[in-house]
Participant: 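Dumping the structure here so I can ask a few things about it.
In the text below, chain A, chain B and the rest are named by the order of the sequence lines, each starting its count at 1.
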Protein chains: 2
Amino acid sequence: MDRATEMMIFVRCVEEGSFSAAARAMDMTPSAVSKQIRRLEDRLGARLFNRTTRRINLTDVGRDFYERCARIIAEIEEAEEVVSSLQDTVRGTLRVAATAAFARGEILPRINAFLERYPDLSLEMQLTDRMLDLVEQGIDVAVMLQEQVTDPSLVARKLANNRRIVVASPDYVARHGEPKTPEDLYRHNCLSLYNVSRFNDWEFEMPDGRRQVIHVQGNFRANTAGALYEACLVGVGLARLSAWMVAPRLRDGSLVELLPDYVQEVTAYYVLFPQGRHMSRKVRAFVDFLVEQFTPVPPWEQDESLMLRGYQRSGEPA
Amino acid sequence: MDRATEMMIFVRCVEEGSFSAAARAMDMTPSAVSKQIRRLEDRLGARLFNRTTRRINLTDVGRDFYERCARIIAEIEEAEEVVSSLQDTVRGTLRVAATAAFARGEILPRINAFLERYPDLSLEMQLTDRMLDLVEQGIDVAVMLQEQVTDPSLVARKLANNRRIVVASPDYVARHGEPKTPEDLYRHNCLSLYNVSRFNDWEFEMPDGRRQVIHVQGNFRANTAGALYEACLVGVGLARLSAWMVAPRLRDGSLVELLPDYVQEVTAYYVLFPQGRHMSRKVRAFVDFLVEQFTPVPPWEQDESLMLRGYQRSGEPA
DNA sequence: TATCATTTGTGCCTGATTTTCAAAGATCGG
DNA sequence: CCGATCTTTGAAAATCAGGCACAAATGATA
């Protein structure tokens, strides 16, 4: 049933003009070659070589078959070479799925460096906050929060801690005061998500190690963190937002961090890709790029004493 | 190392959209399919399918490889089909080698019936009296005398006895008398070949069963039997010639048979072709045609009481 | 919601296929 | 005429592929 090998041996015999020479060239024994040719002839029901005990000579049928075999083998080798080449070079199309806000805020601003590094690669970026089936959708790489990772056929590599910070605008703090303990939050207007109730349970680790969960409430709710961010900026209330999202505002003072001495729960962004023996170079290239960008210290945690302090307190590089 | 089977299974998996479905379609177990795909991926060093435990989906690389595989498999099947078709139909070129005189006298006059029977076949007829290497020369079929058959890789099928007859022209007999015993030949002018000395040892079987060899001599020698034939016709002397060559002249009386009661050595024409498991249809067709033409009774032995008598005495059909 | 059937993947084992080894038959070159 | 080389074959050995059983996971279904 081994068509291709038979054909390759046959072609080699034709080109070497001898079973023995072909056997030497292919590091086989002459008898193995002889038997392969015999099998091929038996399967085809036709004689390919006329033989004496000393010489072989192509039949007409054999000559025709040789032409075809030579072409077929070349195509097989080309096909396999193309696969290996596609595998070993970064080209083609890479399909990436990422959570919308994080991609807009942190990935896309840096994506040009990646594309310039690999001019033969094109990128398809799908922004979504829904969990999706990578295999079904033909997604090569996904970037999402830890809790969304369920698929066991995927490899998850940690990109960056997603530190949550409770913030408010200086204006709000001036008007309502600054909470000193988590319990104080009950007396503040806490902006919340109405579609992820879990997001509204703010967990703090007390200085003595105990954990405390505050179920916050307020008069403004939205369905995305981005909406809370905007509301917070204009002084509507307190919000618990990702560090990367509020870092610039903390720097320029348009938001201030509250309860800095209480460690909050830390999740992380992960990069996901299909596990398996054979990881394509383009996937590896993108994963490497992301890791390079966001580890050991993610960009929003850099350059600012305030940020560094917060970062070192709440997490360490992957 | 079984490229083609791997590729066929891969293609089937793509088309069925599932390992299990492909396995059912190809009458295999799913695990066998899974392993083949795994082997293929390992050899290529690339992932062809993304899988969950429940679904598979082509990768980009896999899609490219599939296109190529589908084409390659079609070509493999076409190549094998063409071989079988060439094998099973009588077409192409048939290369025949034959002894010159017999071919001109007995084969070529009948060859048109053969060519008309197989309109897709073309014939290359090489007339030669030298023994040649069928394999080396790419000859499909050879027709020659028994004694020229030495190659053990050939099958020899007997076509017709080659009865030898001593003849002379009536004119010569009238002038020199008719020999009554083999010994009488020593007193006659016997035409001989100068290149095949063996041909000049005329062997007779006496009525009592003893064998007698007469080494003939005369004043005319030539290098072909055809030349002796022409000389004999014009009354130069006695010649020992093949029955097929002199039969028309015996019928029309321009030659007469001498020593008819002495059985002479009988050789035979054989049709030779490469032995082996797989005999091509065109070779078989030609061999069948020759056998049909020359057996059980060769044409020159037919229709004439004289001929039949001589034939029945000196040989029997193969 | 819980059970069931289906799908992919893996480990082990058996059986078949293939290779190797040894030798024969045959031919070519010196 | 002898030695070297080439094809082929038969038997033994080794490799390889497939089957089975099972696990993990998922979608369908009651």
Side-chain angles (χ1 to χ4, degrees), chain A residues 1-6 8-10 12-14 16-43 47-58 131-136 149-154 274-278, chain B residues 1-6 8-10 12-14 16-43 47-59 62 131-136 149-154 274-278:
Chain A
M1 179 79 143
D2 190 346
R3 315 267 239 278
T5 305
E6 284 170 353
M8 291 182 62
I9 291 173
F10 167 67
R12 199 57 176 266
C13 287
V14 173
E16 298 282 344
S18 144
F19 289 1
S20 293
R24 282 189 298 271
M26 305 180 72
D27 204 35
M28 305 173 63
T29 58
S31 86
V33 172
S34 171
K35 288 175 182 175
Q36 289 270 6
I37 299 295
R38 181 190 185 291
R39 260 204 307 282
L40 177 58
E41 288 180 329
D42 284 351
R43 190 160 50 73
R47 158 165 299 215
L48 297 172
F49 290 110
N50 284 317
R51 312 137 156 90
T52 64
T53 57
R54 190 137 188 97
R55 252 197 314 280
I56 60 174
N57 208 321
L58 269 181
M131 183 53 196
L132 34 75
D133 185 333
L134 294 207
V135 171
E136 179 97 16
V149 180
T150 64
D151 195 324
S153 70
L154 299 179
Q275 73 176 351
R277 247 171 309 281
H278 310 292
Chain B
M1 180 76 144
D2 190 347
R3 314 266 236 280
T5 306
E6 284 170 353
M8 290 180 62
I9 292 173
F10 168 67
R12 200 59 176 264
C13 287
V14 172
E16 299 283 343
S18 146
F19 290 180
S20 294
R24 281 189 298 271
M26 304 180 72
D27 203 35
M28 304 172 63
T29 57
S31 89
V33 173
S34 172
K35 287 175 184 173
Q36 290 271 3
I37 298 295
R38 181 189 187 288
R39 262 205 305 281
L40 178 58
E41 287 180 331
D42 284 351
R43 191 160 50 72
R47 156 166 301 215
L48 298 172
F49 290 109
N50 284 318
R51 311 137 158 88
T52 65
T53 57
R54 192 132 186 101
R55 251 194 314 279
I56 62 175
N57 210 323
L58 268 180
T59 61
M131 184 51 197
L132 34 73
D133 185 334
L134 295 208
V135 171
E136 178 98 16
V149 180
T150 64
D151 195 324
S153 70
L154 299 179
Q275 73 176 352
R277 245 173 310 280
H278 310 292

Participant: B:Thr53 has a side chain; which of D:dC6, D:dA24, C:dT19 sits nearest to it?
Facilitator: D:dA24
Participant: Can you identify which nucleotide, out of C:dT10, C:dT7, D:dC6, has its nearest atom closest to the B:Ser18 side chain?
Facilitator: C:dT7
Participant: In this structure, how many angstroms lie between the P atom of C:dT18 and the CG atom of A:Leu40, rounded?
Facilitator: 12 Å
Participant: Atom CG of B:Asn57 to atom P of C:dT8: distance rounded to whole Å?
Facilitator: 12 Å
Participant: Assess whether a salt bridge exists between B:Glu16 and B:Arg24, defined as any Lys/Arg side-chain N lying under 4.0 Å from an Asp/Glu carboxylate O.
Facilitator: no
Participant: Would you kindly give the NZ-to-C1' distance between A:Lys35 and C:dT18, to the nearest whole Å?
Facilitator: 8 Å
Participant: Kindly indicate whether the side chain of B:Arg54 and the base of C:dT6 share any N or O donor-acceptor pair separated by less than 3.5 Å?
Facilitator: yes
Participant: If I compare all heavy atoms of B:Glu41 with all of A:His278, which pair ends up nearest, and what's the gap?
Facilitator: O-NE2, 3.3 Å
Participant: Rounded to the Å, how far apart are B:Asn50 CG and C:dT7 C1'?
Facilitator: 16 Å
Participant: Using every non-hydrogen atom in the two residues, find where A:Cys13 and A:Phe19 come nearest and quote the distance to one decimal.
Facilitator: SG-CD1, 3.6 Å
Participant: D:dT5 C1' sits how many Å from A:Ile56 CD1, rounded?
Facilitator: 14 Å
Participant: Please report, rounded to the nearest Å, how far the P atom of C:dT18 is from the CG atom of A:Asp42.
Facilitator: 12 Å
Participant: Does B:Thr59 reach the main-chain N or O of B:Leu48 with its side chain, forming a donor-acceptor pair under 3.5 Å?
Facilitator: yes
Participant: Using atom CD of A:Glu41 as one end and atom P of D:dT9 as the other, report the distance to the nearest whole Å.
Facilitator: 11 Å
Participant: For the residue pair A:Phe49 and A:Leu58, what are the closest heavy atoms and their distance?
Facilitator: CE2-CD2, 3.7 Å
Participant: Just compare D:dG18, D:dT9, C:dT18 and give me whichever is closest to any side-chain atom of A:Arg39.
Facilitator: C:dT18
Participant: So, is B:Thr29 near the phosphate of D:dG19, with a side-chain N or O under 4.0 Å from OP1 or OP2?
Facilitator: yes
Participant: Under the 3.5 Å rule, do the base of D:dC6 and the side chain of A:Thr52 count as making a donor-acceptor pair?
Facilitator: no
Participant: In whole angstrom, what separates A:Glu6's CD from C:dT19's P?
Facilitator: 10 Å
Participant: Closer than 4.0 Å, any side-chain N/O of A:Arg24 to the OP1 or OP2 of D:dT5?
Facilitator: no
Participant: Of the nucleotides D:dA21, C:dC21, D:dT7, which one has an atom closest to the side chain of B:Ser31?
Facilitator: D:dA21
Participant: With respect to the phosphate group of D:dA25, does any side-chain polar atom (N or O) of B:Arg55 fall under 4.0 Å of OP1 or OP2?
Facilitator: no
